[in-house]
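Reckoned from all heavy atoms, side chains included, excluding hydrogens, waters and symmetry mates.
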Amino acid sequence: VENFKDYTLITANMEGDIGLTVIVKKENAVSKIAAINEWDFHKNIWYSSSFELTREQEEKYEIQLDGPGP
């Protein structure tokens, strides 16, 4: 998990063969998934989204809503 001012980048992969990247946009104390990338050896698909995260999800994924960012 990487936090950058108004955005958070969440990446996960399994042995470098299959993975998921999620970009979360933070605005007005609300976090929403802006984009999702599913990838493996045969695909690299991006989806746009506006799914809102709960406070519990923000804490679970260490999404910072306040404070300094790079």
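With rounding to the nearest 0.5 Å, the separation of CG in Asp17 from CG in Asp40 is 9.0 Å. Separating the OG1 atom in Thr21 from the CG atom in Asn13 is a distance of 8.5 Å, to the nearest 0.5 Å. Distance check, rounded to the nearest 0.5 Å: CG of Asn37 to CG of Leu20 gives 7.5 Å. Note that the OG1 atom of Thr11 and the CH2 atom of Trp39 stand 9.0 Å from one another [nearest 0.5 Å]. Here OG of Ser48 is found 12.0 Å from CD1 of Ile33. Values are rounded to the nearest 0.5 Å. Atom CD in Glu2 sits 10.5 Å away from atom CD in Glu62 (nearest 0.5 Å).
One hydrophobic cluster, built from ILVMFWY side chains closer than 4.5 Å, cannot hold both Phe41 and Trp46; they sit in different ones. Val22 and Ile18 sit in two unconnected hydrophobic clusters of ILVMFWY residues. Membership requires side-chain heavy atoms under 4.5 Å apart, directly or through other members. Ile36 and Phe51 fall within the same hydrophobic cluster, defined by Ile, Leu, Val, Met, Phe, Trp and Tyr side-chain heavy atoms under 4.5 Å apart, directly or through other members. By the rule that hydrophobic residues join a cluster once side-chain heavy atoms approach within less than 4.5 Å of another member, Met14 and Val1 end up as members of separate clusters.
Judged by distance alone, the side chain of Lys25 and the main-chain N or O of Asp6 form no donor-acceptor pair under 3.5 Å.
Test Glu52, Arg55, Glu58, Lys26 against Ser31 for side-chain hydrogen bond (donor to acceptor under 3.5 Å, both in side chains) and you get one pass: Glu58.
The heavy-atom pair separating Asn3 from Ile63 by the smallest distance is OD1-CA, 3.8 Å.
Classification of Glu27 and Lys32 as a salt-bridged pair fails, no side-chain N sitting under 4.0 Å from a carboxylate O.
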